[in-house]
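Each remark here refers to the structure printed beneath this line.
First listed ligand is number 1; within each ligand, the first listed atom is number 1.
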Amino acid sequence: MTVICKASAYAHANIALAKYWGKSDVALNLPAVPSISLTLEALRTDTTLVFDKTLTHDELQINATQAKEADQKRVSAFLTFLRERYQQKCFARVQTRNNFPTAAGLASSASGFAALVIAFDQAFNLGLSKSELSALARRGSASAARSIFGGFAKLDAGIAGHDALGAQPLFDAQHWDLRVVVAITTEQAKPLGSTAAMTLAKETSFYYDAWVKHAPSLCQTIEQALGERSLTKLGPALEASAMSMHACMLASRPAIIYWNAATLSVLSALKHARETTNLAAYATMDAGPQVKVFCLPADASRVEALLMTCEGVQRTLTSKAGPGAQVTEAT
Ligand code: DP6
C-alpha cells in the first residue's frame with residue numbers, strides 16, 4: 001500500500017458584500033479590514049486529496065489538467081504549512097474541479113482552499129472545529145475562511161501576529177433568501193492575482209489608508225442591513241464597499257483595472273433600471289470583470305434579462321445561498 005490516506009471534500013465560493021482588501025500581516029495572511037460574504041450554492045469546488053508515499057512532490061490537477069506552476073507552488077506551500085503543523089510528511093495528489101470559471105474573479109481560491117482544508121482534516125482524522133478549519137483556510141486565502149460556513153459569514157480584521165483568526169457564521173442561508181445574478185463577461189483567468197494586487201495597492205495607492213480607515217463602517221452598515229433584511233440599506237452600502245475597493249486599486253501604480261467594457265455596461269444598465277423602474281438590484285465586483293448583482297428572488301429573472309442586453313455579457317449564472325464546506329461522503 002503506497003496510499004497512506006485519502007479524502008474528498010467540497011466547498012462553495014462566496015461573494016463579499018463588504019470587501020476584504022489588504023493585509024495587516026502578510027506572513028500570517030491576516031486581513032486589514034473586516035468583510036462579510038454570502039456563500040453561493042451554484043459555485044462549487046470538489047477536491048480529492050490522496051497522500052501517497054511514492055510521490056516526491058505534491059501534484060495538482062485543476063479540472064483534470066495539470067495546474068500552472070504558480071498554482072502548484074501555492075497549493076504545495078499551503079500543504080507544507082498543514083503538514084508541518086500536524087506532523088505529517090507525505091506528499092499529496094490533489095485533484096480539484098470547479099463548476100465555474102477558474103481564477104476569473106469568481107472566488108475559486110476561496111472554495112479551493114476551504115475544500116482542501118476540510119479534506120486534509122478528514123484524511124488525517126484531525127477532528128478540528130469549524131473555527132479552527134476556518135483559521136487554517138485563511139492562511140491559504142483569506143476569503144476561504146468565509147467559505148467554511150454557509151449563508152452569511154464574517155471575517156474580522158486581523159491583528160498582526162494573532163494567527164487564530166477564523167471567520168464566523170453571521171446569519172444562516174435561511175435568514176434572508178437573496179439571489180446573486182452573475183454576469184459572466186469573460187471566461188479568461190485574471191492577469192494579476194488578488195494577493196499581488198493587494199501588495200501593490202498597499203505600496204502605491206494614495207487611497208489605501210483611506211480604504212482601511214473607512215471599510216469597517218461600511219461593513220457595520222452591511223451587517224445591520226442584513227440583520228434588518230433591508231435591501232434598500234444593503235444595496236448602496238455593498239456598492240460603496242466594492243467601488244471604494246476598486247478606487248483604491250485604480251489609484252495604484254500601475255493602475256489595477258479588473259473591469260472590462262461589459263462591466264461598465266452592466267453598471268450603467270443597472271443604474272438606469274433602478275432610476276427608471278425602481279428595480280432593487282445592486283452590483284459588486286471582485287478581482288475580475290464579472291458583475292455580481294444582489295436582488296430578491298422575485299426580481300432575479302428581470303435582472304438576468306437586463307444583464308443579457310448588455311454588450312459583452314456572455315451568459316448569466318444565478319445562485320441562492322449555499323451551505324458550508326463539507327466532506328464528500330464516499331459512494
Ligand atoms: C476582491 O482571498 O483571494 O475577492 O488572501 O491574498 O488569497 P488572498 O486574497 P483573496 O482576496 C479576495 C479579495 C476580493 C474581496 C473579497 O472576497 O472579500
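- Between Ala287 and ligand 1, no N or O atom pair is found at a separation short of 3.5 Å.
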| request: Any chance you could lay out the side-chain contact (heavy atoms from CB on, under 4.5 Å) test for Phe149 and Ser134, step after step, and finish with the verdict? | output: CA-CA 8 Å; Phe149 300 100; Ser134 177; 3.9 Å; yes
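- Within the structure, ligand 1 has Lys23 among the residues with a heavy atom less than 4.0 angstrom away.
- Within ligand 1, counting atoms from 1 as listed, the ones closer than 4.0 Å to a heavy atom of Ser109 are 3 (O).
- Near Asn29, with a cut-off below 4.0 Å to any heavy atom, the atoms of ligand 1 are 5 (O).
- Residue contacts with ligand 1: Asn14 is placed with no nitrogen or oxygen under 3.5 Å of a nitrogen or oxygen of the ligand (distance criterion only).
- Using bins of under 30°, 30° to 60° and over 60° for the plane-to-plane angle, the ring pair Trp259/His246 lands in the tilted bin.
- Contacts of Ser141 with ligand 1, taken as heavy-atom pairs under 4.0 Å, involve both backbone and side chain.
- Contact analysis puts Arg74 in contact with ligand 1, with a non-hydrogen atom separation below 4.0 angstrom.
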Using the side-chain contact (heavy atoms from CB on, under 4.5 Å) rule, take Arg138 and Leu30 through it: C-alpha gap first, then chi angles, then the decisive distance, then the call.
CA-CA 8 Å; Arg138 191 208 77 238; Leu30 290 161; 3.5 Å; yes
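- Taking every heavy atom of Thr195 and a limit of under 4.0 angstrom, the matching atoms of ligand 1 come to 6 (O), 7 (O), 8 (P).
- Although no hydrogens or angles enter the test, the distance criterion places a donor-acceptor pair under 3.5 Å between the side chain of Thr221 and the main chain of Ser217.
- Under the side chain to side chain donor-acceptor pair (under 3.5 Å) criterion, Tyr282 pairs with no residue, sequence neighbours left out.
- For a threshold of 3.5 Å applied to N or O pairs, the pair formed by Lys19 and ligand 1 contains no separation below that value.
- Considering backbone and side-chain atoms together, Ser35 places no N or O closer than 3.5 Å to any N or O of ligand 1.
- Partners of Lys154 according to the salt bridge (Lys or Arg N to Asp or Glu O under 4.0 Å) rule, which considers only residues two or more places apart in sequence or in another chain, are Asp156, Glu223.
- Ser244 has its side chain within reach of Leu218: a pair of non-hydrogen atoms, C-beta onward, lies under 4.5 Å apart.
- Residue-ligand proximity, Met245 to ligand 1, at heavy-atom distances under 4.0 Å covers atoms 1 (C).
- With 3.5 Å as the limit, one finds a donor-acceptor pair spanning the side chains of Ser35 and Arg146.
- Counting the atoms of ligand 1 from 1 in the order shown, those under 4.0 Å from a heavy atom of Arg146 are 16 (C), 17 (O), 18 (O).
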Margin query: Working note: Leu38 + Val180, criterion side-chain contact (heavy atoms from CB on, under 4.5 Å); need CA distance, chi angles, decisive distance, verdict.
Written below: CA-CA 9 Å; Leu38 179 62; Val180 177; 4.1 Å; yes
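- Near Ala16, meaning under 4.0 Å from any of its heavy atoms, are these atoms of ligand 1: 16 (C), 17 (O), 18 (O).
- A perpendicular orientation is assigned to the rings of His12 and Tyr10, their planes being inclined by more than 60° (bins at 30° and 60°).
- With a heavy-atom cut-off of 4.0 Å, Met198 touches ligand 1 through its side chain alone.
- Between Ser143 and ligand 1, at least one pair of N/O atoms sits closer than 3.5 Å.
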